[in-house]
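This report concerns only the one structure given below.
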Number of protein chains: 2
Amino acid sequence: MTIAEVAKRYGLTTDTLRYYERVGLLPVIGRTASGIRNYTESDCEWVSYIKCMRSAGVSVETLVEYVRLFRQGPETLARRKQLLIEQRRQIAGRIESLTEVLRRLDKKLDGFEADLARYEENLK
Amino acid sequence: MTIAEVAKRYGLTTDTLRYYERVGLLPVIGRTASGIRNYTESDCEWVSYIKCMRSAGVSVETLVEYVRLFRQGPETLARRKQLLIEQRRQIAGRIESLTEVLRRLDKKLDGFEADLARYEENLK
DNA sequence: ACTTGACTTAGAGCGGGCTTTAAGTGGTAC
DNA sequence: GTACCACTTAAAGCCCGCTCTAAGTCAAGT
């Protein structure tokens with residue numbers, strides 16, 4: 001699979017995919033005889049995972065660390081699990097705080113109904 | 001209330017507060033005779049609102065627009081309400097997508113239990 | 001043989017959101 | 001009066017995460 005195909009499949013640009021590989025956020029992708037990246041299905045799964053975690057705001061740095069541990073093999077399983085648990089905790093926290101904001105916005109919107117009604121009453 | 005007090009109260013730096021004011025994200029804060037910012041309670045409410053929205057990822061630009069409309073008076077009430085509704089929609093979407101990510105992470109963590117158990121079995 | 005177009009690299013550039021710097025003023029403590 | 005510290009401004013700088021540029025290679029089509 002070429003970089004362009006992978007980019008299209010996951011809605012990333014080829015620049016971003018090369019950037020991710022360069023900083024160690026993806027495994028080094030195999031090349032054809034002429035040096036062109038050839039993504040395997042397993043590479044694609046990494047792309048999918050990374051895209052998902054980035055969309056949730058997990059930093060490039062954190063994900064690089066995860067990939068680094070993965071490359072070291074099964075003796076890092078426990079630490080990787082800890083990393084995931086920590087990421088999970090952070091995302092759950094983020095959801096909670098966003099839910100708070102939502103509540104606040106809803107209250108504010110309630111106030112708007114009243115203000116707006118009053119304002120339109122005065123216009124008459 | 002001085003800028004330092006407000007900064008402490010809301011967990012922002014004085015730099016950030018000045019920056020917010022400069023770009024139009026807060027009303028222009030009144031000054032004492034010698035030119036020192038003097039925050040009113042109403043200013044503080046703005047700080048609180050802005051901090052809340054920024055924490056939810058609403059862009060500075062969007063918030064500036066909201067503040068701009070507010071300053072124009074009650075004839076912009078309807079448009080401000082529309083802005084808030086749009087912000088609400090985006091935040092709700094964000095919560096949904098984070099919830100998705102959480103589910104995915106949980107699945108991955110399930111896999112880890114199995115892998116880890118298998119690995120430790122092999123160590124024996 | 002030549003054009004086209006997708007790929008390659010290293011490295012520079014960009015946008016958002018602060019954050020720091022430089023240079024200066026004002027008010028209180030000794 | 002002078003040391004000190006919090007405040008002021010305009011402008012430059014920084015970090016993250018891409019994004020773009022320049023210069024070049026390769027393979028297929030005509």
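Residue numbering restarts at 1 for every chain, and letters A, B, ... go by the order of the sequence lines. Only this structure's heavy atoms are used, side chains among them; waters, hydrogens and symmetry mates stay out.
For the contact set between residues 24-41 of chain B and DNA chain D, defined by any heavy atom under 4.0 Å, the members are B:R31, B:G35, B:I36, B:R37. Near DNA chain C, meaning a heavy atom under 4.0 Å from it, residues 42-53 of chain B has no residue at all.
Within 6.0 Å of atom CZ in B:R79, 12 or fewer heavy atoms from other residues, nucleotides or ligands are found, so the atom counts as exposed in its surroundings.
Cation-pi contact between A:K107 and A:F112: absent, since separation from the ring centre below 6.0 Å together with deviation from the ring axis within 45° is not met.
Along DNA chain D, read 5' to 3', the first and last nucleotides having any atom under 4.0 Å from a heavy atom of chain A are D:dG17 to D:dA27.
Note on A:R103 versus A:E100: salt bridge recorded, some NZ/NE/NH1/NH2 to OD/OE distance being below 4.0 Å. Electrostatic pairing of B:E121 and B:R118 does not count as a salt bridge here, judged by no charged N lying under 4.0 Å from a carboxylate O. Remark: B:K8 does not engage B:E5 in a salt bridge, criterion side-chain N to carboxylate O under 4.0 Å. Ion pair B:E45/A:R104 not flagged as a salt bridge, since none of the NZ, NE, NH1 or NH2 atoms sits closer than 4.0 Å to an Asp/Glu carboxylate oxygen.
Contacts classified as salt bridge (charged side-chain N to carboxylate O under 4.0 Å, His left out) and involving residues 50-64 of chain A (residues at least two apart or in different chains) are not found. Annotation: salt bridge (charged side-chain N to carboxylate O under 4.0 Å, His left out) contacts involving residues 82-97 of chain A, sequence neighbours excluded, comprise A:E86-A:R89, A:R88-B:D106.
Map B:R18 and A:D15 each onto its nearest nucleotide of DNA chain D; the residue landing nearer the 5' end is B:R18.
Here the side chains of B:L84 and A:K108 are in contact, with some heavy-atom distance below 4.5 Å. Proximity of A:V60 to A:Y19: side-chain heavy atoms (C-beta onward) are separated by under 4.5 Å at one or more points.
B:M1 and B:L26 fall within the same hydrophobic cluster, defined by Ile, Leu, Val, Met, Phe, Trp and Tyr side-chain heavy atoms under 4.5 Å apart, directly or through other members.
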Quick one: which protein N/O atoms are closer than 3.5 Å to N/O atoms of nucleotides 11-16 of chain C? Pair and distance per line, please.
none

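For A:T99 (side chain) and A:I95 (main-chain N/O), a donor-acceptor pair under 3.5 Å exists by modelled atom type.
Backbone-only engagement by B:T2 is indicated by non-hydrogen atom pairs under 4.0 Å involving sugar-phosphate atoms exclusively.
Note on ring orientation: taking the six-membered ring where Trp is involved, the planes of B:F70 and B:W46 are perpendicular (angle over 60°, cut-offs 30° and 60°).
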